[in-house]
Protein chains: 2
Amino acid sequence: MSLSKFFVLCVLHQKPMHGYEVVQAVEQTTKGCCSPTEGTVYPMLNEFEAGGYLTSHFDVVQGRERKVYTLTEKGTIAFQTAVDAWLEATDCIIASKAAAGALAISYDKAEPPCE
Amino acid sequence: MSLSKFFVLCVLHQKPMHGYEVVQAVEQTTKGCCSPTEGTVYPMLNEFEAGGYLTSHFDVVQGRERKVYTLTEKGTIAFQTAVDAWLEATDCIIASKAAAGALAISYDKAEPPCE
DNA sequence: TCTATATACATCGATGATCGAGGCATCGGC
DNA sequence: GCCGATGCCTCGATCATCGATGTATATAGA
């Protein structure tokens, strides 16, 4: 599972959202470290729905249609297992980090290696 | 920074390693959740070196040459800032997870969404 | 001695993922 | 009326990764 997919599930785990909101929520949640575009997120939401990880329904707000996505039980399980893997990896990272001090800036802003 | 890059820096943060060892260490460290192949890792190590994140030197062990990579100060800083971003994301994930129980299986084995 | 696996490095065409432009539409503010 | 935000969506171009392929040597077992 890529980071983008993970954070899409993460924000939908918090509450159901429509596509445009998901894009914004992922960027805000990760402070710009993971910023998939609409070109990535809309197809991803459709794939998740096709795979049974999400359901969707249309809402109308102020005369405007919104396609609101909700995590299914299958999606919740997938997210929770991904979280466990994340936390296991966190333990390893903390162990690796123990020999060095921490810095307090976003890694995306730290000129990460070749992109 | 992709997960692969992150974990390559992570394992090299622990100790200097040659390429083949890096591939194995990343897979073991992440329990298979992130398993970049040699086709990914060797070019990545060369890019990191070209970018000043790593240095390398040749060792000879039992008559066989090894190219051992060592994290530079620049690489250490990049890794540490990535760790901080990871830990910030972990806080958000834990908050998101608070409403649901945890499961104890690897997310790669949980039929993740469309790959 | 032969075979198979592990070790060790490396390249690159094929494949998969992502981006961003482009398109359509409506609302709200100036 | 114009512009930015909101809301959805597609797809060609670009980027990242894989896995096959190649070379070489060491080790283990038959």
Looking at CZ of B/Phe79 and NZ of B/Lys5, how far apart are the two atoms once the value is rounded to the nearest 0.5 Å?
-> 15.5 Å
When you measure from the side chain of A/Tyr20, which nucleotide among D/dG19, C/dA10, D/dT6 comes out closest?
-> D/dT6
Side chain of B/His18 only, please: which of C/dA8, D/dC8, D/dG19 is the nearest?
-> C/dA8
Nearest whole Å is fine: how far is [N] [atom2] from [X] [atom1]?
X: B/Asn46; N: C/dT11; atom1: CG; atom2: C1'; result: 11 Å
X: A/Glu27; N: C/dG20; atom1: CD; atom2: P; result: 11 Å
X: B/Leu45; N: C/dT11; atom1: CG; atom2: P; result: 12 Å
X: A/Met44; N: D/dC9; atom1: CE; atom2: P; result: 15 Å
X: B/Glu38; N: D/dG19; atom1: CD; atom2: P; result: 12 Å
X: B/Asp59; N: C/dC9; atom1: CG; atom2: C1'; result: 15 Å
X: B/Phe58; N: C/dC9; atom1: CZ; atom2: C1'; result: 8 Å
X: A/Leu3; N: D/dT17; atom1: CG; atom2: P; result: 11 Å

Does [N] have OP1 or OP2 under 4.0 Å away from a side-chain N or O of [X]?
X: B/Thr40; N: D/dT17; value: no
X: B/Gln24; N: C/dT7; value: yes
X: B/Ser2; N: D/dT17; value: yes
X: A/Tyr42; N: D/dC9; value: no
X: A/Gln62; N: D/dG7; value: no

For B/Cys92 against A/Thr29, the heavy-atom pair lying closest together |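 Shortest heavy-atom contact: SG-CG2, 2.9 Å.
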When all nucleic acid strands are considered with a 4.0 Å heavy-atom cut-off, which category describes B/Gly39: base, sugar-phosphate, or nothing?
->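 Base: the residue B/Gly39, judged by heavy atoms under 4.0 Å, touches a nucleobase.
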B/Ser35 near the nucleic acid: base, sugar-phosphate alone, or nothing, with a heavy-atom cut-off under 4.0 Å?
->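 Sugar-phosphate, backbone atoms only, no base.
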Parallel, tilted or perpendicular: which fits the ring planes of A/Trp86 and A/Phe7, with parallel below 30° and perpendicular above 60°?
->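 Taking A/Phe7 first and then A/Trp86, their aromatic rings stand perpendicular (interplane angle over 60°).
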Sub-3.5 Å donor-acceptor pair from the side chain of A/Ser56 to the main-chain atoms of A/Lys67, do we have one?
->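 Here the side-chain-to-backbone pair does not exist.
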Output all residues satisfying side chain to side chain contact (heavy atoms under 4.5 Å, CB included) with A/Tyr42, sequence neighbours left out; order by chain, then residue number.
-> A/Tyr20, A/Glu38
